[in-house]
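To start, the structure itself, in structure tokens.
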Amino acid sequence: MLQPWKTCIYAFLLATLATTAHAEDCMVSTDPPARLSTLPDVMQHTDKSGVYQVTFAGGDLILAKYGTCELALSAHYLLRTDASLKNIEDFLAAVVPAQGQAASLVQQLQEKGPLSSGQSVSLEGENDGHLLSIQPASSPLFKTVVHYRWQAPQH
Amino acid sequence: MNTRVNRFAFIPLTLFVLLAQSACAKEPEAPTTAIAEPVKKHSAQAEKKSATQQHPLKVNFIHGEALMVGDPAKEGVVSLFAMEPVSPSVMASRIIDILKAEGASKAFVDKLEPRLKMNPRLEKDDFSLPIIDEEGNEYRFEYQSDISNRFYTLNYYSKALNGE
């Protein structure tokens with residue numbers, strides 16, 4: 001029989017291998033939209049394995065969902081005020097998965113003209129799509145909501 | 001003449017009111033007739049005027065991925081945001097969690113929970129649900145599904161009834 005400490009180590013190694021093997025079944029995943037926590041005035045953020053949340057000192061907040069075993073990202077930016085052009089552009093630049101594309105997507109957004117409440121806009125990345133939609137907030141605690149959804153590259 | 005009213009007479013009365021609501025019966029106490037109305041957004045709009053102060057909101061996750069939000073400057077209003085639809089059973093649990101967080105009595109909540117899980121209204125994409133406890137406090141829940149944007153909001157409003 002093995003000494004207890006050896007059993008412990010082998011069990012640990014087996015568990016690690018098992019986890020790694022399982023993780024390899026997951027061919028793709030989406031990174032959490034961590035750049036959202038670098039927006040101005042952020043007070044606190046939380047990353048809960050697939051759900052990302054940011055709160056701002058002024059009361060605004062962002063709730064996002066990202067695929068831990070798939071390519072998927074959506075985010076909902078709740079504002080206590082109207083969404084200014086800067087709010088929308090900063091949000092877009094921080095949420096899109098490929099940081100390198102942020103500037104050109106913001107420019108595309110600017111070319112489409114001002115986004116008003118009730119409007120949606122579709123932006124094209126190099127091989128992906130980005131949907132933005134502005135609505136009156138569904139909650140009495142907020143005034144506006146900006147929805148973002150990533151349309152991941154087709155296989 | 002003995003005019004003392006037995007306090008416990010209100011319990012069967014309240015249960016009757018709850019049952020009567022599900023049968024859409026008309027009730028002399030005005031607030032309970034609100035259930036017959038479809039979900040209206042104007043109550044949220046009316047509150048928006050005061051939603052402009054800049055200060056942090058109270059935020060925490062409940063029941064997995066639902067985000068509960070309250071405003072310290074605005075008592076009696078809570079919003080719960082989710083990014084997926086849920087079963088009536090999970091919806092009932094979320095309603096119960098909000099009631100508990102907002103100070104409803106444990107006895108009342110425990111009695112309500114099994115009844116709530118069976119309420120067919122919780123199967124809808126949008127619903128309005130008033131709840132009245134033994135003391136006559138009204139709790140109103142309104143649920144809205146924005147299916148194309150995959151954003152689901154449960155709003156809670158409390159108000160104490162006047163009178164009995």
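Any value given below was found using the heavy atoms of this structure, including those in side chains, with hydrogens, waters and symmetry copies removed. Throughout, a chain's letter reflects where its sequence line sits, starting with A, and its residues are numbered from 1.
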Quick one: does [X]'s side chain get under 4.5 Å of [Y]'s, heavy atoms only?
X	Y	answer
R149(A)	R150(B)	yes
H76(A)	L67(B)	no
Q135(A)	F151(B)	no
T55(A)	P56(B)	no
Q53(A)	E65(B)	no
Y157(B)	P140(A)	yes

Might you confirm whether atom [atom1] of [X] has over 12 heavy atoms from other residues, nucleotides or ligands at distances under 6.0 Å?
X	atom1	result
E111(A)	CD	yes
Q110(A)	CD	yes
K124(B)	NZ	no

hydrophobic_cluster_shared for [Y] and [X], side chain cutoff 4.5 Å:
X	Y	result
L115(A)	V146(A)	yes
I62(B)	Y139(B)	yes
L141(A)	M43(A)	no
L116(B)	M118(B)	no
L85(A)	Y77(A)	no

Under 4.5 Å from a heavy atom of chain B, the part of [X] involved:
X	result
L61(A)	side chain
L131(A)	neither
K65(A)	both

Q: Search all heavy atoms of S138(A) against all heavy atoms of N155(B) and return the closest pair with its distance.
A: O-ND2, 2.8 Å
Q: Using a heavy-atom cutoff of under 4.5 Å, enumerate the residues of residues 81-103 of chain B that contact chain A, numbered in order, or state 'none'.
A: F81(B), M83(B), E84(B)
Q: Using a cut-off of under 4.5 Å on heavy-atom pairs, state which of N149(B), V69(B), T153(B) scores highest against chain A.
A: N149(B)
